[in-house]
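Everything numeric in this text was worked out from a predicted model, so none of it was measured. Order of the sequence lines sets the chain letters (A, B, ...), proteins ahead of strands, with each chain counted from 1.
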Amino acid sequence: MDKATFKIWRGDADTAEFVDYETEVSEGMVVLDAVHRIQAEQANDLAVRWNCKAGKCGSCSAEVNGNPKLLCMTRLSDLPLDEPVTVEPMRAFPLIKDLVTDVSWNYKVKEKMKPFTPRPPDAEDGTWRMEQVDIDHIQEFKKCIECFLCQDVCHVLREHDLHDAFIGPRYLVYAASLEMHPIDTENRLEELKNEDGIGYCNITKCCTKVCPEHITITDNAIIPLKERVVDEFYDPLRRLFKVFTG
Amino acid sequence: MASYETFDYDVLIVGAGGAGLRAAIEASTGDLRVGLVCKSLLGKAHTVMAEGGVAAALANVDERDSWRVHFADTMRGGQYLSDARMAELHAKESPERVRELEKWGALFDRTQDGSILQRNFGGHQYPRLAHVGDRTGLEMIRALQDHGIHQGIDVYMENTIISLLKTGDRVSGAIGYEREKGRFKVFAAKAVVLATGGVGKAYQVTSNSWEYTGDGHSLAYHAGAELIDMEFVQFHPTGMVWPPSVKGILVTEGVRGEGGILTNSEGQRFMFNDIPELYANTTAESPEEGWLYTQGDREARRPPELLTRDHVARCIVREVQEGRGSPHGGVFLDIAWIKEKLPNAEEHIRRKLPSMYHQFKELADIDITQEPMEVGPTTHYIMGGIRVDADSQMTCVPGLFAAGECAAGLHGANRLGGNSLSDLLVFGKRAGEYAAQFATENDAVPIEESHIEEIAQHVLKPFDNPPEGDNPYEIQSQLQEKMQQLVGIARSQESLNQAIEEIKMLCEKAENTHVVGNREYNAGWHTALDLDCLLTVSEAIALAALERKASIGAHSRDDFPEKEEPGAGKYNTIIHKTDDNTMSIRREIVPELTDEQRQIIEEMG
């Protein structure tokens, strides 16, 4: 069996460094398999988050050779194994230990957003009628597995650390799924403009590139939301109309 | 003295998958204080993996469907060992539970007239599964999560409960540890709902993640609750078999619902060769009829690929054993063939089964729109579990409730696909409702501190054990290997007796596991602690499998191939912990059906 070297980030918020581990690799393995093998055989206390191992839960987000990835969907056969594979935690969030980061900020952001608020049901049995074509685009947003890789790669959060002023691509996608929901009645544009900081996004599309669910985050979610915000707050005709109507 | 922080709740929910979240939402409708503890981050529980859909007789696609048909289908699928009252409540209440999710933001795929679309699934007579492509579980857990976070529920993510606390006969709370720092937390509660899911990690090949170590089953058992029908472990017929690192990952039954067929190395559709009597009248006679069924022809009968999971899994094992398997020890599941029937088949497959397309493409280099998949059985679900009252979901321990996979009764000897997601909703809600009622009607009971100290010492022992003690991963992997080999799809008295011996030996070894490092996010330590639960449920499964001397539903005995044991009648197996700390088992005859239930079953054949 072949061997490969993995440089894994070990340590906590105070002190951490790369530690080299050599382990056996075989056909079809993904990075998470290698990490698990190292954990079982050489480093029992190695911390790594994972659950489904099939790209459906979004738990094992990390950076492999510097790229934000799900460990369970990154195949060793796609990496150059003649040199060490680096595995490190997401850098946009505080480190807890080894590959595990504190992502609680994300959960707090969502809690602050206005929840889904449906219009009264269309039918007597309490249900709504919606055309499939009207929900196709939101179903794209709802594929999100909350892996937070888009948050990890976003410059506004990663480099500028504007976690207090900007909710990040994940929550813009979430906002889009609510704002474009055919039966939602809430208006979130003012929050998007102010506390959610949609203006900080300068559409570099890094988030779209790393999304393991291939959601077209920037084009389909963020840009349409930006347009709605512009229409609401900066459209001269609408502003004039507001002056007269109060 | 162990140090710990104490939290006070009216209702404590353990587990935040579909059942736990639904219970928490229900319990928090009044002004009760509700705590929700989950082993992973919120929204990552196994519900997220559910693909095919949620079963509910909405009758949106076929108006002939009704709760009565759903009830009859569930009872038949469970080989009439299900708790009929639970099956009735489930069939009656699941439509409302599904509709309610749309009120909370879920969006199911639509019919032409804009209502919730439903698809065919194994054992369901009519198209009954509300779905979102093949990521229904994600939609459900997200809807519950996003609604739940606004209900004032305190969520404790990445916390694991290690023991329930009792005061006298009543449950008085639970003790756990937080993953991040390894500190103890004590949750005082008037009522506790267990919603911890399954036991898949007891086996080598499983669709379950690291979390599914039978925690709820074990917590309840040690607290004096009963476990029933633990021998019924569902081996889902279609898991991935290649490459080795993804072995066991689920391939949704939805593939077969959309027209996917199973073939062997000789290209035969082998499922046509073995159709059980119970389903002879409702199964297609020809491949063409089967295809028409999957395309919504109301006169056609279902293809044999959509027979119940226990049967399909056994047929696959037989093909492999008799030398007609695929190169990597499975059989072929082919959806690409539908291009003979549909002009835009490739796009249709990608649209109907997006995550399957993705999964095979990325993990196995297989394009399912062009070539067949290789599949084989994988440990997926346990029908058996904590015995509960059908209406309230309370166990025999006052104040202790259970719902979802860790509870038992609804599915009998075999669960129908889609009945799990509806189970979570229906009985999650009921558990939350009755736990809240219990908490309202009863005062809190004080927690006994001496008990906490004892538990804390036990839990910290792996750090103090001598370094020559076993590595917890090693013990876990030995257990999985033995369970797979000896308590898998084919069982016998000999294999089961041997399994029980092996489990006892591993229990002794587990006493001495040694872990390195400190208490902070230490996976080795967590694995050592999970072993206690895994060993308890493994013993229960083996013991129950030994007790049932018959082959019925998901339980197959090589030495007892008949469906019923002569003269034994229909019975459930019941496990409880005796005063001298040993596991004891007995049988109870399945209660009589009500006249109405009997009449429905007779009518529906």
Side-chain angles (χ1 to χ4, degrees), chain A residues 12 26-30 32-33 39-41 43-59 73 75 96-98 100 102-104 107 110-111 115-116 118 121-123 125-132 135 138-139 142-146 174 177-178 181 183-184 213-214, chain B residues 40-46 48-49 99-100 102-105 107 109-110 113-117 132-133 135 137-139 142 146-147 149-150 155 157 180 209-211 242-246 249-250 354-355 358-359 362-364 471-474 477 515-518 520-525 527:
Chain A
D12 54 27
S26 53
E27 189 184 344
M29 268 174 77
V30 293
L32 185 61
D33 293 321
Q39 186 187 50
E41 293 170 359
N44 283 185
D45 61 342
L46 170 61
V48 57
R49 267 195 194 109
W50 71 284
N51 280 290
C52 77
K53 214 178 166 297
K56 293 192 171 70
C57 75
S59 300
M73 297 301 280
R75 297 184 65 178
I96 291 179
K97 189 185 156 193
D98 304 338
V100 174
D102 178 359
V103 292
S104 57
Y107 288 86
K110 192 188 246 182
E111 249 182 79
F116 174 70
D122 302 336
D125 63 357
T127 60
W128 290 267
R129 296 288 172 270
M130 288 171 262
E131 295 282 325
Q132 183 66 42
I135 61 169
I138 325 174
Q139 287 187 329
K142 296 182 122 227
K143 289 196 299 185
C144 173
I145 56 175
E146 299 197 334
Y174 180 58
S177 77
L178 294 168
H181 197 303
I183 64 171
D184 179 73
E213 284 292 312
H214 309 295
Chain B
S40 284
L41 295 174
L42 192 60
K44 308 297 184 195
H46 226 289
V48 89
M49 292 286 286
R99 287 196 279 261
E100 172 179 80
E102 289 215 320
K103 188 166 76 186
W104 298 340
L107 260 182
D109 287 350
R110 316 312 287 183
D113 75 348
S115 43
I116 297 171
L117 181 62
V132 188
R135 55 161 192 87
L138 173 67
E139 186 72 14
R142 208 60 90 225
D146 295 351
H147 179 69
I149 55 173
H150 298 288
V155 181
M157 296 198 272
E180 181 172 346
S209 84
W210 68 273
E211 290 189 288
W242 185 260
S245 69
V246 298
I249 293 180
L250 197 67
S355 79
H358 199 58
Q359 183 174 311
E362 300 200 9
L363 294 174
N471 169 345
Y473 293 96
E474 184 58 35
S477 124
V515 300
V516 296
N518 59 32
E520 294 181 16
Y521 220 111
N522 186 336
W525 181 40
T527 304

Residue pair [X] / [Y]: nearest heavy atoms and the distance that separates them:
| X | Y | answer |
| --- | --- | --- |
| I96(A) | E180(B) | CG2-CG, 3.6 Å |
| G28(A) | S245(B) | O-OG, 2.9 Å |
| R129(A) | D113(B) | CD-O, 3.2 Å |
| W104(B) | F116(A) | C-CD2, 3.5 Å |
| K53(A) | I249(B) | O-CD1, 3.0 Å |
| D45(A) | G517(B) | OD2-CA, 3.6 Å |

Do [X] and [Y] make a side-chain contact, defined as non-hydrogen atoms from C-beta onward lying under 4.5 Å apart?
| X | Y | value |
| --- | --- | --- |
| E146(A) | K44(B) | yes |
| L41(B) | Y107(A) | yes |
| Y473(B) | N44(A) | yes |
| R110(B) | I135(A) | yes |
| R135(B) | K143(A) | yes |

Listed by chain and number, what are the ring-ring contact (aromatic ring centres under 6.0 Å, His included) partners of W128(A), not counting sequence neighbours?
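Checked W128(A) against ring-ring contact (aromatic ring centres under 6.0 Å, His included); zero matches.
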Nearest-0.5 Å distance, [atom1] of residue [X] to [atom2] of residue [Y]:
| X | Y | atom1 | atom2 | answer |
| --- | --- | --- | --- | --- |
| T127(A) | R99(B) | OG1 | CZ | 7.0 Å |
| Q359(B) | M73(A) | CD | CE | 7.0 Å |
| D12(A) | N518(B) | CG | CG | 8.5 Å |
| S59(A) | E211(B) | OG | CD | 8.0 Å |
| H46(B) | N51(A) | NE2 | CG | 8.0 Å |
| D109(B) | Q132(A) | CG | CD | 5.0 Å |

Choice from [options] maximising heavy atom contacts with chain B below 4.5 Å:
| options | answer |
| --- | --- |
| E131(A), K97(A), E111(A), R75(A) | R75(A) |
| S104(A), G58(A), S177(A) | G58(A) |
| E213(A), Q39(A), E41(A) | Q39(A) |

Against chain A, label [X] side chain, backbone, both or neither, depending on which of its atoms sit under 4.5 Å from a heavy atom there.
| X | result |
| --- | --- |
| V515(B) | neither |
| L250(B) | neither |
| E102(B) | both |
| W525(B) | neither |
| W242(B) | side chain |
| L138(B) | side chain |
| A45(B) | neither |

Could I get the full list of side-chain hydrogen bond (donor to acceptor under 3.5 Å, both in side chains) partners for S355(B), not counting sequence neighbours?
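Result, side-chain hydrogen bond (donor to acceptor under 3.5 Å, both in side chains) vs S355(B): D134(B).
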With a 4.5 angstrom heavy-atom cut-off, is it the side chain or the backbone of [X] that approaches chain B, or both, or neither?
| X | value |
| --- | --- |
| V30(A) | both |
| I145(A) | both |
| P118(A) | side chain |
| D102(A) | neither |

Highest number of heavy-atom pairs under 4.5 Å with chain A: which of E520(B), E474(B), M157(B)?
M157(B)
Expected output: side-chain N471(B) to main-chain A40(A) donor-acceptor under 3.5 Å:
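It does hold such a pair.
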Parallel under 30°, tilted from 30 to 60°, perpendicular over 60°: which one fits the rings of H214(A) and H358(B)?
perpendicular
